[in-house]
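This report concerns only the one structure given below.
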Amino acid sequence: MTAQTLTTPAAPAPELADEAALLVREIEQYLTARVRTTAHPLLTKTTAELVAEALGTTPAPSVPAAPVLTAPARALRLLPDWVLNFPLLRQLHGGGRHISVAEHLELTALVIERYGWHRGALRSTSGRRCILGAQAVLFRLGYGDETTALAAGHRLQAVLAARGITEPYHRWNDATGRTREEALALVRTAATHTRQEVTR
């Protein structure tokens, strides 16, 4: 009887880990910009809200800016998607990070901008992603969970339904003649509608 040897998956090459870290750092910056900061951890109001309340004025709503993205590193785009799910990458870069449905949609648009847009499959051989493929990138990196991704899909579907379109959004994405701009507009409209409903 021969002894079985167990092997652990090889760690990603340092340059690939650096490129993954760059994408995740930009996602982290985006999410950090969305977090409300307060004067003290036990307070539920921001410092600006407390000052405005003391002065009897209404603070102007602050709108955080999305991070500026550079072109995606080609090597990272070409990696198989399972590499993004590598436990070390997930641990180092936000595995299990909670994000809202609106944030998921906004980040989906940012991934499409960074990786490029694709029609006909989740990803192209050059690493471009369709809407569903961009959602998968976020999911594999550990931003949000299956519930978040499914809820985002329902929001995309609701925007299409309001336009009288009944086909699933991933098929809509793959339709002949569909453009990157249309895909990004759909994702951003769904994100905007989701944010508006939350603030009502």
Side-chain angles (χ1 to χ4, degrees), residues 20 23-24 26-36 61 63-67 69 72 76-77 79-85 90 93-200:
L23 172 63
V24 173
E26 289 172 347
I27 292 173
E28 289 288 349
Q29 288 170 352
Y30 170 83
L31 292 174
T32 301
R34 293 275 181 210
V35 175
R36 293 178 58 198
V63 180
L69 297 177
L76 182 58
R77 293 191 318 176
L79 288 175
D81 282 351
W82 60 264
V83 173
L84 298 177
N85 203 32
R90 285 176 62 88
H93 307 298
R97 172 76 180 260
H98 173 76
I99 60 174
S100 70
V101 174
E103 287 172 329
H104 175 91
L105 289 163
E106 290 162 350
L107 289 170
T108 298
L110 293 177
V111 170
I112 290 172
E113 286 181 340
R114 182 168 179 79
Y115 282 68
W117 175 74
H118 185 59
R119 180 179 69 221
L122 288 178
R123 60 173 286 160
S124 70
T125 54
S126 65
R128 292 175 293 137
R129 303 307 203 275
C130 69
I131 295 172
L132 193 57
Q135 289 181 283
V137 167
L138 295 172
F139 178 75
R140 287 189 175 100
L141 283 173
Y143 291 91
D145 55 18
E146 189 175 351
T147 302
T148 308
L150 288 172
H154 291 308
R155 302 304 308 164
L156 290 164
Q157 213 56 57
V159 173
L160 290 176
R163 298 175 183 173
I165 301 168
T166 58
E167 66 183 333
Y169 71 92
H170 62 276
R171 283 201 198 127
W172 175 90
N173 179 95
D174 295 343
T176 304
R178 186 72 57 228
T179 67
R180 172 185 179 272
E181 288 69 31
E182 289 173 324
L184 284 170
L186 171 66
V187 176
R188 290 190 174 122
T189 299
T192 300
H193 289 181
T194 303
R195 281 208 180 276
Q196 288 171 346
E197 287 186 9
V198 169
T199 57
R200 281 182 194 160

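This one's a predicted model, so the numbers in the text were calculated from it and none came from an experiment.
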Non-hydrogen atoms of [X] and [Y] that approach each other most closely:
X      : Y      : value
Arg123 : Arg129 : NH1-NH2, 3.3 Å
Thr148 : Ile99  : CG2-O, 3.7 Å
Leu160 : Glu167 : CD1-O, 4.0 Å
Leu184 : Ala109 : CD2-O, 3.6 Å
Trp172 : Arg178 : O-NE, 2.8 Å
Trp117 : Ala183 : NE1-CB, 3.4 Å

Roughly how far apart are [X] [atom1] and [Y] [atom2], rounded to 0.5 Å?
X      : Y      : atom1 : atom2 : value
His104 : Asp145 : NE2   : CG    : 10.0 Å
Leu122 : Ile131 : CG    : CD1   : 11.5 Å
Tyr169 : Gln135 : OH    : CD    : 3.5 Å
Thr179 : Asn173 : OG1   : CG    : 10.0 Å
Arg188 : Leu110 : CZ    : CG    : 7.0 Å

Do His170 and Gln157 have side-chain heavy atoms sitting under 4.5 Å apart? no
Would you say that more than 12 heavy atoms from the other residues, nucleotides or ligands in this model lie under 6.0 Å from the CD of Glu146, or not? no
In this structure, are over 12 heavy atoms from other groups packed under 6.0 Å from Arg171 atom CZ? no
Worked check of side-chain contact (heavy atoms from CB on, under 4.5 Å) between Arg155 and Glu197: CA-CA 11 Å; Arg155 302 304 308 164; Glu197 287 186 9; 3.1 Å; yes
